[in-house]
J.: 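Questions regarding the structure given below will be posed in turn.
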Amino acid sequence: MTNVFDILKERGYIEQATHEEEIRELLNDEKVTFYIGFDPTADSLHVGHFIQVMVMMHMQKAGHRPIALIGGGTGMVGDPSGRTDMRKMLTVAQIEHNVSSFKNQFSRFVDFSENRALIINNSDWLLNLNYIDFLRNIGAHFSVNRMLTAECFKNRLEKGLSFLEFNYMLMQSYDFLELYKRYNCKLQLGGNDQWSNIISGADLVRRIENGNAYGLTFKLLTTSEGKKMGKTESGAIWLDPEKTPPYDFYQYWRNVDDPDVENCLALLTFLPMEEVKRLGSLKDAEINKAKEILAYEVTKLVHGQEEADKAQSAAKTLFNNSGDISTSIPSSKLNESDFIKGIDILTLLSKTKLTSSKGEGRRLIQQGGIYLNDKRIDEFSQIINLDDFEDRKLMLRKGKKIYHQIEII
RNA sequence: GGAGGGAUUCCCGAGUUGGCCAAAGGGGGCAGACUGUAAAUCUGCUGGCACUGCCUUCGAAGGUUCGAAUCCUUCUCCCUCCA
């Protein structure tokens, strides 16, 4: 069987390793308990987290034991890495709520039965630490001089860094130590923005326990231009279908830039690498096929086959006029009475949230960006009534690809 | 604690001899053209509404004035230097 390290490397996950060869051997020789930390800063995981989840799945498949460490304790402090300003402080209640949402989502991807994987909250040990003991036992091993040179603090040195956040690195390092002691966890994985925190953790385990601790970081999901992926204007792409509907989720991947297709396939699907490479090398309009597969596969992993099918057939209907109209197109149901007298288009647009104001609707119509049943609307005084419905349904479109179905009930 | 500097529309950032400021410019975003539901490019738009007009906005609250982002007072927050 192929070493999972090689698989991860081939698929392009790995960015940096503390001891590349040793880690490779370790993963080959024994069942390793490893962990990845997740700070509960929101009530759902997003696409950025998903890449870490993918790694967990790969590792678990190879027989290793993942620990999903939820940062109920570190979340109280806030990680300054990759931030130019201080994070908002979350309330204790918010954090607890987020922790439970995370737990739910993990169990969809990772098998937690019979201790094949663990989910642990670092509040278990962080919340009751004694300040003086902690300083003496842990703090003594950290050099401020060295910490200040760490990448994750550098730009914050110019912008300002609170002492609270400065401690984050110690907290995370201490997590590693605890997990090492409690579960013989030898390896910490994480996004590359965690590199400083990870090496300091491995270092701490080595100093205090004289143990073999390793760290490995993964590429962040970025576009070929280096921009972070998984964000849109309306915010992150969430794994929670309530926050990002499966159809939108599907469309996000359907629309990735050409040069990013191969990378996304490798990182976010389990398709064999030969297939990934073949799809990634398609040229011109052909690459649309690869994008369809990408969108379908990722949606299937995250939301299940049924939702993926729905999203795909909805997309095909809307863009190619083939396939079945499906419930997965964003839609609203309105009362028949609303349309007996008729409702003006601007009001309808804001009702469906397609536009955030009537002014915006007016502008879009002037510019020819609003379509009703595929016919461009050019009067913003247009009244919509029952005659515009076919089979009690009506399709609104904003721009080229944002659809909204209205159904009469 | 002391001395200075700052807070402007989604973001950055002009504007502070009071009216010509819904507020330059850039970024981002949205739409149109071109396309492959891609990128690049070009064009238009980008506070709200009952849209040739009205309303709300320039950290917060008051004040001066016919009129304030611009002047005065108090407050809040941020930054820099000093301890």
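Proteins get letters first, then strands, A, B, ... in listed order; numbering begins at 1 in each.
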J.: Taking the P atom in each of B/A68 and B/G18, what is the distance between them to the nearest angstrom?
T.: 13 Å
J.: Sequence neighbours left out, what passes ring-ring contact (aromatic ring centres under 6.0 Å, His included) with A/Phe50? Give chain and number order.
T.: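 So A/Phe50 forms a ring-ring contact (aromatic ring centres under 6.0 Å, His included) with A/Phe109.
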J.: Between B/C30 atom P and A/Ile370 atom CD1, what is the distance in whole Å?
T.: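 Taking atom P of B/C30 as the reference, CD1 of A/Ile370 is at 14 Å.
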J.: Can you list everything that forms a side-chain contact (heavy atoms from CB on, under 4.5 Å) with A/Arg376? Sequence neighbours excluded, please.
T.: A/Tyr371
J.: Let me confirm one number: the CG-CG distance from A/Asp257 to A/Asn263, rounded to the nearest 0.5 Å.
T.: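 Rounded to the nearest 0.5 Å, the CG-CG separation comes to 12.0 Å.
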J.: Which nucleotide, in any strand shown, forms a Watson-Crick or G-U wobble pair with B/U70, with both distances under 3.5 Å?
T.: none
J.: Counting any heavy atom closer than 4.0 Å, what does A/Gln366 reach on the DNA or RNA strands: base, sugar-phosphate only, or nothing?
T.: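 Nothing, no nucleic acid heavy atom in range.
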J.: I'd like to check A/Leu346 versus A/Ile365 (side-chain heavy atoms, cut-off strictly below 4.5 Å). Are they in contact?
T.: yes
J.: Which nucleotide, if any, forms a Watson-Crick or G-U wobble pair with B/U46, using both distances under 3.5 Å?
T.: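 B/U46 is paired, partner B/G28.
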J.: How far does the C1' atom of B/G2 sit from the matching atom of B/U9, given to the nearest Å?
T.: 36 Å
J.: On a whole-Å scale, what distance lies between the C1' atoms belonging to B/A23 and B/U57?
T.: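 Result for the C1' pair: 10 Å, nearest Å.
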J.: When the distance from NZ of A/Lys398 to P of B/G32 is rounded to whole Å, what number comes out?
T.: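 It is 10 Å, rounded to the nearest whole Å.
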J.: Please state the C1' separation for the pair B/U65 and B/C11 - nearest whole angstrom.
T.: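 To the nearest whole Å, 35 Å.
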J.: Which base, if any, makes a Watson-Crick or G-U wobble pair with B/U9, both distances under 3.5 Å?
T.: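 Here B/U9 is not engaged in any pair, so there is no nucleotide opposite it.
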J.: For residues 254-271 of chain A, which residues have at least one heavy atom under 4.0 Å from RNA chain B?
T.: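 Going residue by residue through residues 254-271 of chain A, the ones with a heavy atom under 4.0 Å of RNA chain B turn out to be A/Arg254, A/Asn255, A/Val256, A/Asp257, A/Asp258.
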J.: Just jot down the side-chain contact (heavy atoms from CB on, under 4.5 Å) partners of A/Glu21, sequence neighbours excluded, or say none.
T.: A/Arg24, A/Glu25
J.: Could you list by number each residue of residues 288-303 of chain A showing a heavy-atom separation from RNA chain B of less than 4.0 Å, or answer none if no residue does?
T.: A/Asn288, A/Lys291
J.: Salt bridge (Lys or Arg N to Asp or Glu O under 4.0 Å) with A/Lys400: which residues, sequence neighbours excluded?
T.: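 Checked A/Lys400 against salt bridge (Lys or Arg N to Asp or Glu O under 4.0 Å); zero matches.
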J.: Considering only residues two or more places apart or on different chains, which pairs with a residue in residues 296-308 of chain A satisfy side chain to side chain donor-acceptor pair (under 3.5 Å)?
T.: A/Tyr296-A/Gln305, A/Tyr296-A/Asp309
J.: What residue pairs, at least two apart or across chains, pass ring-ring contact (aromatic ring centres under 6.0 Å, His included) with a residue in residues 254-276 of chain A?
T.: A/His58-A/Phe270
J.: Mind checking the C1' distance from B/G28 to B/C81? Whole angstroms is fine.
T.: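 Here B/G28 and B/C81 have their C1' atoms 36 Å from each other.
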J.: Below 4.0 angstrom from OP1 or OP2 of B/A33, is there any side-chain N or O of A/Lys400?
T.: no
J.: Rounded to the nearest angstrom, tell me the gap between atom NZ in A/Lys401 and atom C1' in B/A39.
T.: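 The answer, rounded to whole Å, is 11 Å.
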J.: Partner of B/U37 by Watson-Crick or G-U wobble geometry, both contacts under 3.5 Å, or none?
T.: none
J.: Is the distance from OP1 or OP2 of B/C49 to the nearest side-chain N or O of A/Ser357 less than 4.0 Å?
T.: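 Affirmative; the distance criterion is met.
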J.: Between A/Lys186 and A/Glu22, does at least one N-O distance fall below 4.0 Å, as a salt bridge requires?
T.: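 Salt bridge: no.
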J.: Could you check A/Ile287 against A/Ile402 and say which one's nearest nucleotide on RNA chain B is further toward the 5' end?
T.: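 Per heavy-atom nearest nucleotide, the more 5' residue is A/Ile402.
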J.: Between A/Ala285 and A/Arg363, which residue's closest nucleotide on RNA chain B lies nearer the 5′ terminus?
T.: A/Ala285
J.: For B/U76 versus B/C55, give the span between their P atoms, rounded off to a whole number of Å.
T.: 34 Å
J.: Going by atom type alone, with no hydrogens or angles, which donor-acceptor pairs under 3.5 Å involve a side-chain atom of residues 141-150 of chain A and a protein atom two or more places apart or on another chain?
T.:
| unit_1 | atom_1 | unit_2 | atom_2 | d |
| --- | --- | --- | --- | --- |
| A/His141 | NE2 | A/Asn137 | O | 3.4 |
| A/Ser143 | OG | A/Asn145 | N | 3.3 |
| A/Ser143 | OG | A/Asn145 | ND2 | 3.4 |
| A/Ser143 | OG | A/Arg146 | N | 3.0 |
| A/Thr149 | OG1 | A/Arg146 | O | 2.6 |

J.: I need the NZ-C1' distance between A/Lys358 and B/G48, as an integer number of Å.
T.: 11 Å
J.: Could you measure between the two C1' atoms, the one in B/U73 and the one in B/U80, and give it in whole Å?
T.: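 Comparing C1' positions in B/U73 and B/U80 gives a spacing of 26 Å.
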J.: For RNA chain B, what residues of residues 377-385 of chain A have any heavy atom nearer than 4.0 Å?
T.: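 RNA chain B contact set from residues 377-385 of chain A: none.
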J.: Mind checking what makes ring-ring contact (aromatic ring centres under 6.0 Å, His included) contact with A/Phe134, not counting sequence neighbours?
T.: A/Tyr174
J.: Roughly, in whole Å, what's the span from OH in A/Tyr403 to P in B/U37?
T.: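 In whole Å, B/U37 P lies 10 Å from A/Tyr403 OH.
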J.: Considering residues at least two apart in sequence or located in another chain, which fulfil the salt bridge (Lys or Arg N to Asp or Glu O under 4.0 Å) criterion with A/Arg182?
T.: A/Glu178
J.: Taking atom C1' in both B/C21 and B/A83, compute the distance separating them and give it to the nearest angstrom.
T.: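 These two C1' atoms come out 44 Å apart once rounded.
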J.: Could you tell me the separation between the CG atom of A/Leu364 and the P atom of B/G29, rounded to a whole number of Å?
T.: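 Nearest whole value for this atom pair: 16 Å.
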J.: Does B/G32 have OP1 or OP2 sitting under 4.0 Å from an N or O in the side chain of A/Tyr371?
T.: yes
J.: Can you say whether a donor on the side chain of A/Glu360 sits under 3.5 Å from an acceptor on the base of B/U46, or the other way round?
T.: no
J.: Aromatic rings A/Trp253 and A/Phe249: how do their planes relate, parallel, tilted or perpendicular, breaks at 30° and 60°?
T.: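 Taking A/Phe249 first and then A/Trp253, their aromatic rings stand perpendicular (interplane angle over 60°).
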J.: With a 3.5 angstrom cut-off on both distances, give the Watson-Crick or G-U wobble partner of B/G1, or none if there isn't one.
T.: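 B/C82 is the nucleotide pairing with B/G1.
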J.: Tell me whether A/Asp258 is salt-bridged to A/Lys283, with the criterion being a basic N under 4.0 Å from an acidic carboxylate O.
T.: no
J.: Would you classify A/Arg397 as touching base, sugar-phosphate or nothing, given that sugar-phosphate means primed atoms plus P, OP1 and OP2, and contacts are heavy atoms under 4.0 Å?
T.: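 No contact.
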J.: Find the partner of B/C75: check Watson-Crick (N1-N3 plus N6-O4 or O6-N4) and G-U wobble (N1-O2, O6-N3) distances, both under 3.5 Å, and reply none if neither fits.
T.: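 Paired with B/G59.
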